[in-house]
Amino acid sequence: MSPSQAIPRRGRAVLTALGAMALTASSVTVLTAQSATAAPTPKAADWDATAYRGQVEVIPSNDNDQSVLKGRVFVDRDRDSRTDAGERGLSGVVVSNGREVVKTDRQGNYELPAYDNMTVFFTQPAGYQVPVDEFNIAQFHYNHLPEGSPELRYGGIEPTGPLPSAVNFPLTQSRETKDAEQNCVIAGDLQFYNMREVGYARDGAIADLAKRDDYQGCGPLFIGDVVGDDLSLYSEVKDLSGQLNGPVRFLPGNHDLDFDAETAEHSFDTFREQLAPAYFSYDVGKTHVIALNTVRYPCTPDVDNADGQHPNCNDPVNRPAYNGRLGEDQLAWLERDIANTPSDKLIVVASHIPLLTFADEGSPVHQVDQVNEVHELLEGRKAVAVAGHTHTIENMKTGDLFKGWNDIFGIEGLPFPHIVAGAISGDWYSGALTEDGYPIATGRDGARPGILTLDIKGNNFKERFTVTGESDDFQMQLGINSPHYRDWYVARQAWNRDEEGEAPQLGDGRVISKADLAGTTWLTTNFWMGATGSKVKVSIDGGEAQTAVRTQEARGEGQLVGPEFSDPHAIAQQLVNGGSLADRAIHLWRLKLPTDLKAGTHRATVTATDSYGRAFTESMIFKVIDER
């Protein structure tokens, strides 16, 4: 692909619908190979020099009692990961075996009941930092599975042998994790399926994160679908995490499964061996982060649904299938974990499958069965839920409601904010390539790939989404939804199904005829992190700003779907270059254009203001003609 064919970065040029159509599938293949062999991005300074590198100390078994695990949480002054004379234990630290929760005594000691196939882990307290390995992956757990996993394609957990005589957890003091101001990176759906897509991730979002040094305390949390079914790619994940500048943590998604596991107890064994516990928690500043496993696989009707009718458990084609659900052990741990969290902390509940979502608001499968139980456990707490899975951005505020939530779960409004964080892979690395060598991958809500950051002060937060390759002030895209566009949308969709005759052409979507204006033509604003409380105002040719209307008010309605509720900018790329269709969104605003606009060129200036009062402005040139 020549540079003129690639999608320019913002500020270099404006992509029109006509320009998008010039991108071909064959040209994508050429840049794919170039992308996969690009050099790593240089890292931001200081992290490598100061990072606390080490591991959990495991003292081998000496014929000790196999029913009780003992150990110590200690301050590792010399950073050698060993309990040395004079190194003090840390009291009051929460340690768990995935069921029970205990606190260390005055000497930092703990005891927990032991059982086969358990992961023991501890909650990092604020003011201290767990060690990271050479790939920057946080080290705070130990798997106990004496005989190892059953035979699994990707290996699972190696046999651990008898219960150790002690498992000791080292820590070092940290100003970064003590600070009440934190930047917590939430990275959704890395989800690459092959080496080509590894290159896309590296050259896109990972390169962006490698240039940042504002998350060394909280670190990045990758919220599931870390890879796309091929668990051998975890080695590539580690190489990428080694480029980052903070402690990296992971939670599992439905594409991180050992699909050949016959029971849920072993469905994430390879993930647990390679990356992290299936669920855990940690503290930074005044924030308590809970990382949940919301994927149950294989799901079984007698366990996962009282009447045995759960649709994903009874699918005759795809069984055994997964479901959005917390296991009973995890739910018991969650209750105890929250009970041990001070009431003045902000609780961030992170998961792969969202507790609730707009994209799948009518689906019982892609939301979490026990959402009401989780809400009850957090009653009266300052909290926010963050999730991935849907490859959309959804910024949902307290009180928001959609029809499916009420129909399925009896929800009458969100008790605290819920955010779906978008995806690094966007629309599964689809569509045309940017000039930087990775796909534009616009999602089914019209959102671009990127990273969510929670900017936290004390126990308050503000969410921030950074589009891959862009600055933080790039928060929206504009389009024109005209009768001509809607007719093309229907015709092009039909052609894509049958591919008979010549493909219908949209032409320049920002050219509007007088006939379009006589019908209904909207100027659309896809304000990606827009939410209840956001405002969008549009000025035409410098005139008085008019208030645009949000298509989804989140007041109990169902999804509004179709060309009239779509993002024309996104659709113009997707119907031509492939990918999902942005035919619905929780964050789309529309302003009906005046019917008396004169022929000629016009400028629309859009100011979108979020619920915190932060304002962002973009402009778009469009043209009115007498006849098309």
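Count residues from 1 along the sequence.
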Does the side chain of [X] come under 3.5 Å of the side chain of [Y] through a donor N or O and an acceptor N or O?
X: Q173; Y: K178; answer: no
X: D455; Y: N183; answer: yes
X: D427; Y: S430; answer: yes
X: D269; Y: S149; answer: yes
X: N372; Y: H375; answer: no
X: Q124; Y: R249; answer: yes
X: R72; Y: T104; answer: no
X: Y193; Y: Q191; answer: yes

Under 3.5 Å donor-acceptor, [X] side chain and [Y] backbone:
X: D105; Y: S91; answer: no
X: Q274; Y: Y234; answer: no
X: N194; Y: E197; answer: yes
X: Y200; Y: Y429; answer: no
X: Q243; Y: L240; answer: no
X: S165; Y: P60; answer: yes
X: D230; Y: S232; answer: yes
X: D189; Y: V226; answer: no
X: D256; Y: G253; answer: yes
X: S241; Y: I137; answer: no

Exercise. Relative to the ring of H418, is the ring of F416 parallel (under 30°), tilted (30 to 60°) or perpendicular (over 60°)?
Worked result: parallel

Exercise. What class does the angle between the rings of W333 and Y279 fall in, given that below 30° is parallel, 30 to 60° is tilted and above 60° is perpendicular?
Worked result: tilted

Exercise. Is the distance between the ring centroids of F122 and Y282 under 6.0 Å?
Worked result: no

With [X] via salt bridge (charged side-chain N to carboxylate O under 4.0 Å, His left out) - residues at least two apart:
X: R82; result: D80
X: K382; result: none
X: D258; result: none

Exercise. Considering residues at least two apart in sequence or located in another chain, which fulfil the side-chain contact (heavy atoms from CB on, under 4.5 Å) criterion with D179?
Worked result: E181, Q182

Seminar exercise, completed: Applying side-chain contact (heavy atoms from CB on, under 4.5 Å) to A205 and not counting sequence neighbours gives I424, I451, T468

[X] and [Y] ion-paired at < 4.0 Å:
X: D329; Y: R296; value: no
X: D76; Y: R79; value: no
X: D283; Y: K345; value: yes
X: R381; Y: D344; value: no
X: R153; Y: D260; value: no

Output every pair passing disulfide (SG to SG under 2.5 Å) with a member in [range], not counting sequence neighbours, ordered by first then second residue.
range: residues 119-169; result: none
range: residues 144-226; result: C184-C218
range: residues 232-261; result: none
range: residues 94-130; result: none

[X] side, atom [atom1]; [Y] side, atom [atom2] - distance, nearest 0.5 Å:
X: Y215; Y: T453; atom1: OH; atom2: OG1; answer: 9.5 Å
X: Y322; Y: H255; atom1: OH; atom2: NE2; answer: 6.0 Å
X: Q216; Y: L244; atom1: CD; atom2: CG; answer: 11.0 Å
X: K70; Y: N64; atom1: NZ; atom2: CG; answer: 8.5 Å
X: Q370; Y: F409; atom1: CD; atom2: CZ; answer: 9.5 Å

Which pairs with one or both residues in [range] pass ring-ring contact (aromatic ring centres under 6.0 Å, His included), sequence neighbours excluded?
range: residues 72-101; result: none
range: residues 140-161; result: F140-F280
range: residues 334-357; result: H352-H389

In terms of heavy-atom contacts, does [atom1] of [X] have more than 12 from other residues, nucleotides or ligands at under 6.0 Å?
X: D78; atom1: CG; answer: yes
X: E262; atom1: CD; answer: no
X: K238; atom1: NZ; answer: yes
X: E379; atom1: CD; answer: no
X: E147; atom1: CD; answer: no

Problem set entry | Among V374, V371, N293, side-chain contact (heavy atoms from CB on, under 4.5 Å) partner for L326 | V374

Problem set entry | Identified side-chain contact (heavy atoms from CB on, under 4.5 Å) partner of V386 from the options L355, V349, V348 | V348

For this session: Might you work through the side chain to side chain contact (heavy atoms under 4.5 Å, CB included) test for I419 and L452, ending with a clear yes or no?
Result: CA-CA 9 Å; I419 301 172; L452 175 73; 3.9 Å; yes

Exercise. Can you check whether Y128 reaches V93 side chain to side chain, under 4.5 Å on heavy atoms?
Worked result: no

Exercise. Are Q129 and V284 close enough, and set up right, to give a side chain to side chain contact (heavy atoms under 4.5 Å, CB included), and what steps lead you there?
Worked result: CA-CA 9 Å; Q129 175 66 65; V284 289; over 6 Å; no

For this session: Tell me whether the guanidinium CZ or amine NZ of R99 lies under 6.0 angstrom from the six-membered ring centre of Y115 and within 45° of its axis.
Result: yes

Problem set entry | Chi angles and distances behind the side chain to side chain contact (heavy atoms under 4.5 Å, CB included) call for H391, S425 | CA-CA 8 Å; H391 294 246; S425 57; 3.2 Å; yes

Exercise. Any idea which heavy atoms bring A210 and N245 closest together, and the distance?
Worked result: O-ND2, 2.9 Å

